[in-house]
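Report on the structure given below.
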Amino acid sequence: MGLNVDNCSRCGRLYAKNNIHDVCPACVKEIDKMYEVAAKYLRENRGCTIQQLSDETEIPFRQIVKFIREGRISILNMPNMFYPCESCGAPIKEGHICPDCRKKITRDMQHAKEDEQRRESLKQKQPEGTSYNIKERLQKDRFL
């Protein structure tokens, strides 16, 4: 039986795969160090923005957002901390998408469901053996 190895999704190095991380042990240490730096900075600068935190600590903006989404950093009590909605880019404090995009997606899903129900209803009302395919109807009625 072979070793369970993979390439680190962050640096590309080969490492012995585990079920906890998708990165190599060296990257796990780097990420944990970044988290410690970010947490220390936030304790001393509660009024900062994510961009300021990134600029001052040299931690990539995306990594800070990842810490927030993973629940490692809470920004609920930090008045100036927001990150962009994945759909429209509007500033949000939690989740992946803003309330407006969530409403739009819900509305779009409801419309799609209603459209599907209308199609099913039309299909059920259609007499047995009939078709909406015009070419078939014309052939059947000997027009073609």
Does the pair R118 and D115 meet the rule for a salt bridge (Lys or Arg N to Asp or Glu O under 4.0 Å), with working shown?
CA-CA 5 Å; R118 273 193 289 279; D115 289 346; 2.4 Å; yes
Any donor-acceptor pair under 3.5 Å from Q52 side chain to T49 backbone
yes
Starting at CD of Q110, measure out to CD1 of I105 and round the result to the nearest 0.5 Å.
14.5 Å
Heavy-atom closest pair (P60 atom, S54 atom, distance to 0.1 Å) is C-OG, 3.9 Å
Less than 4.5 Å apart, any side-chain heavy atom of C27 and any of R13?
yes
Hey, does the side chain of R102 reach the backbone of I97 with a donor-acceptor pair shorter than 3.5 angstrom?
yes
Check: N4 side chain, K17 main-chain N or O, donor-acceptor pair, under 3.5 Å:
no
Test: D108 and K104 ion pair at under 4.0 Å
yes
Under a 4.5 Å cut-off applied to non-hydrogen side-chain atoms, are M109 and K113 in contact?
no
Would you say that more than 12 heavy atoms from the other residues, nucleotides or ligands in this model lie under 6.0 Å from the CD of E94, or not?
no
Kindly determine whether Y15 and D6 satisfy side-chain contact (heavy atoms from CB on, under 4.5 Å), including the steps that lead there.
CA-CA 6 Å; Y15 74 104; D6 200 0; 4.2 Å; yes
Any salt bridge between K40 and E44, counting N to O under 4.0 Å?
yes
Strictly distance-based, threshold 3.5 Å: is any side-chain N or O of N80 a donor or acceptor partner for the main-chain N or O of C48?
no
Nearest 0.5 Å, please: how far is CD in E70 from CD in Q63?
7.0 Å
Taking side-chain hydrogen bond (donor to acceptor under 3.5 Å, both in side chains) as the test, write out the residues that go with K66, two or more places apart.
none
Do NZ/NE/NH1/NH2 and the carboxylate oxygens of K33 and E30 come within less than 4.0 Å?
no
Are any non-hydrogen side-chain atoms of E120 and Q117 less than 4.5 angstrom apart?
no
CG of L14 to SG of C8: how many Å apart, nearest 0.5 Å?
10.0 Å
Other hydrophobic cluster members with I31, side-chain heavy atoms of Ile/Leu/Val/Met/Phe/Trp/Tyr under 4.5 Å, chained?
V23, V28, M34, Y35, V37, Y41, L42, I50, L53, I59, F61, I64, V65, F67, I68, I73, I75, M78, M81, Y83, I92
